Amino acid sequence: MAEILEQAETLPVAKKVKISSNMPACDFCIDMASVSALRTAVEIMSHTLVDATFKVANQVSGTNLVLKVDAMDKGCICACKLKLQCSGRFDPNNSDFCVKLKPLLEILRALPSNEGIQVFRRVGSSDLELTSMGFETHDYKIKTLADEYSSVPFEAFDTEYSVDFDLGRLKSHLRVVQNLKADTVNIQIYKSPNNDDTSLLKLSCEGDDASASWTFLTRSDNRDVLPCFNNKNIDSDDMENVYSEAYSGEYLKNFCKSMERSSVTLSLSQGDTKFLVMEYNLGQENSSILFLLASKTED
């Protein structure tokens with residue numbers, strides 16, 4: 001197998017790509033129809049992580065490849081998981097690369113948004129190369145860091161509560177949290193003692209000079225959350241509190257900072273280890289970014 005990999009075919013030449021057909025073999029070469037999804041993912045991660053290790057791998061199902069990230073932040077407070085569908089070829093023994101996210105983001109911003117890109121590393125080189133796949137000629141190299149890919153042990157997410165939250169509304173609330181100089185966002189869930197399918201989701205924060213809270217109505221047969229208006233005549237005091245945890249407002253704000261789509265999925269764990277999962281669709285098939293945030297512990 002090693003000999004076959006060493007004698008691998010030269011890079012595939014995509015339509016309009018200005019790459020010589022006799023180019024040396026590569027550890028990996030992946031094609032993406034558009035730079036947008038990768039650029040969005042890198043921008044979102046850059047607010048939390050300084051660098052990240054990417055890995056090219058086969059999808060669990062299907063014939064395409066996937067570009068993956070499994071990373072933990074320096075404080076071991078949150079984990080990030082990225083999966084981004086792509087195509088191409090790779091050597092399973094040399095398919096990962098670690099880069100600083102800010103320089104990578106600047107390169108991705110410079111690439112034409114409506115054109116595809118090719119990402120590759122030549123055999124024997126440590127540089128990551130990116131080239132445009134359209135009419136404009138864009139060729140970039142970025143230095144990689146010495147860091148091996150290691151999967152964060154969060155392959156299965158055992159959560160008890162999940163909702164699709166309006167992203168604009170969530171960002172608005174997180175700005176209030178920041179402006180009130182509150183450290184944490186408290187998340188509480190209340191359920192009816194009559195065992196019906198109505199629940200309340202409550203977000204709140206408390207700063208030095210002011211506090212705020214927002215209450216949402218949910219139903220077990222619908223993951224969407226709706227603002228709970230006064231005329232609903234529903235009071236959390238009459239309901240059973242089944243979840244109450246605090247999470248870092250700063251991390252939540254950073255997660256959402258570069259997200260622009262209409263909604264984000266929030267899931268909550270109620271096991272021995274409490275954590276929040278935020279999942280965001282990147283607008284491309286089988287492509288998403290996900291953050292796991294540990295709950296705040298009392299000092």
Side-chain angles (χ1 to χ4, degrees), residues 1-12 19 23-33 35 37-74 76 78-108 111 116-131 133 139-156 282 284 286-292:
M1 178 61 75
E3 293 179 359
I4 295 175
L5 292 171
E6 289 174 0
Q7 300 171 4
E9 297 177 0
T10 56
L11 284 171
I19 300 178
M23 188 175 184
C26 292
D27 295 329
F28 55 83
C29 172
I30 58 174
D31 300 336
M32 297 182 185
V35 70
L38 178 59
R39 182 170 56 208
T40 299
V42 171
E43 186 169 2
I44 291 171
M45 290 190 296
S46 70
H47 300 307
T48 303
L49 306 172
V50 175
D51 55 63
T53 300
F54 296 76
K55 184 176 182 65
V56 184
N58 287 310
Q59 283 196 137
V60 176
S61 60
T63 58
N64 288 316
L65 303 179
V66 61
L67 185 62
K68 300 170 57 179
V69 169
D70 286 277
M72 186 80 73
D73 82 312
K74 301 299 184 184
C76 296
C78 83
C80 172
K81 293 181 70 70
L82 168 69
K83 60 176 182 179
L84 186 60
Q85 183 171 284
C86 55
S87 60
R89 62 189 63 180
F90 70 103
D91 174 351
N93 298 314
N94 295 286
S95 63
D96 61 300
F97 59 92
C98 181
V99 291
K100 290 183 178 179
L101 294 175
K102 291 294 187 182
L104 177 59
L105 178 58
E106 291 306 315
I107 289 174
L108 295 173
L111 285 161
I117 61 167
Q118 200 165 61
V119 182
F120 57 94
R121 185 180 65 209
R122 302 169 193 256
V123 170
S125 173
S126 61
D127 292 337
L128 183 72
E129 300 187 46
L130 298 89
T131 187
M133 295 174 62
D139 296 291
Y140 300 93
K141 285 185 180 181
I142 182 172
K143 295 179 180 179
T144 58
L145 306 175
D147 184 32
E148 294 184 359
Y149 179 91
S150 59
S151 178
V152 177
F154 288 113
E155 296 301 331
L282 291 168
Q284 179 176 302
N286 297 321
S287 302
S288 64
I289 188 169
L290 182 151
F291 289 99
L292 290 86

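Quick note: residue numbers are just sequence positions, from 1. Everything numeric in this text was worked out from a predicted model, so none of it was measured.
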**Prompt:** Can you tell me how far NZ of Lys55 sits from CZ of Phe28, rounded to the nearest 0.5 angstrom?
**Reply:** 10.5 Å
**Message:** Using the side chain to side chain contact (heavy atoms under 4.5 Å, CB included) criterion, which residues pair with Ile142? Sequence neighbours excluded.
**Reply:** Val99, Pro103, Leu104, Ile107, Leu128, Leu130
**Message:** With a 4.0 Å cut-off on N to O distance, would you call Asp70 and Lys81 a salt bridge?
**Reply:** yes
**Item:** Side-chain donor/acceptor of Thr131 to backbone N/O of Gln118, under 3.5 Å
**Value:** no
**Prompt:** Does any N or O in the side chain of Asp73 come within less than 3.5 Å of the main-chain N or O of Thr48, such that one atom is a donor and the other an acceptor?
**Reply:** no
**Prompt:** Do you know which two heavy atoms are closest between Val69 and Met45, and how far apart they sit?
**Reply:** CG1-SD, 4.1 Å
**Message:** Distance alone, cut at 3.5 Å: any donor-acceptor contact between the side chains of Ser87 and Asn64?
**Reply:** no
**Item:** Atom of Cys86, atom of Asp31 and distance for their closest heavy-atom approach
**Value:** CB-O, 3.5 Å
**Message:** Any side-chain to backbone donor/acceptor pair from Arg121 onto Asn94? Under 3.5 Å, distance only.
**Reply:** yes
**Prompt:** Any donor and acceptor pair, going by atom type alone, linking the side chain of Ser126 with main-chain N or O of Thr144 inside 3.5 Å?
**Reply:** no
**Item:** Ile44 CD1 to Leu290 CG distance, which is reported to the nearest 0.5 Å
**Value:** 11.5 Å
**Request:** Would you give the length of the straight line joining atom CD of Glu129 to atom CG of Asp139, rounded to the nearest 0.5 angstrom?
**Result:** 8.0 Å
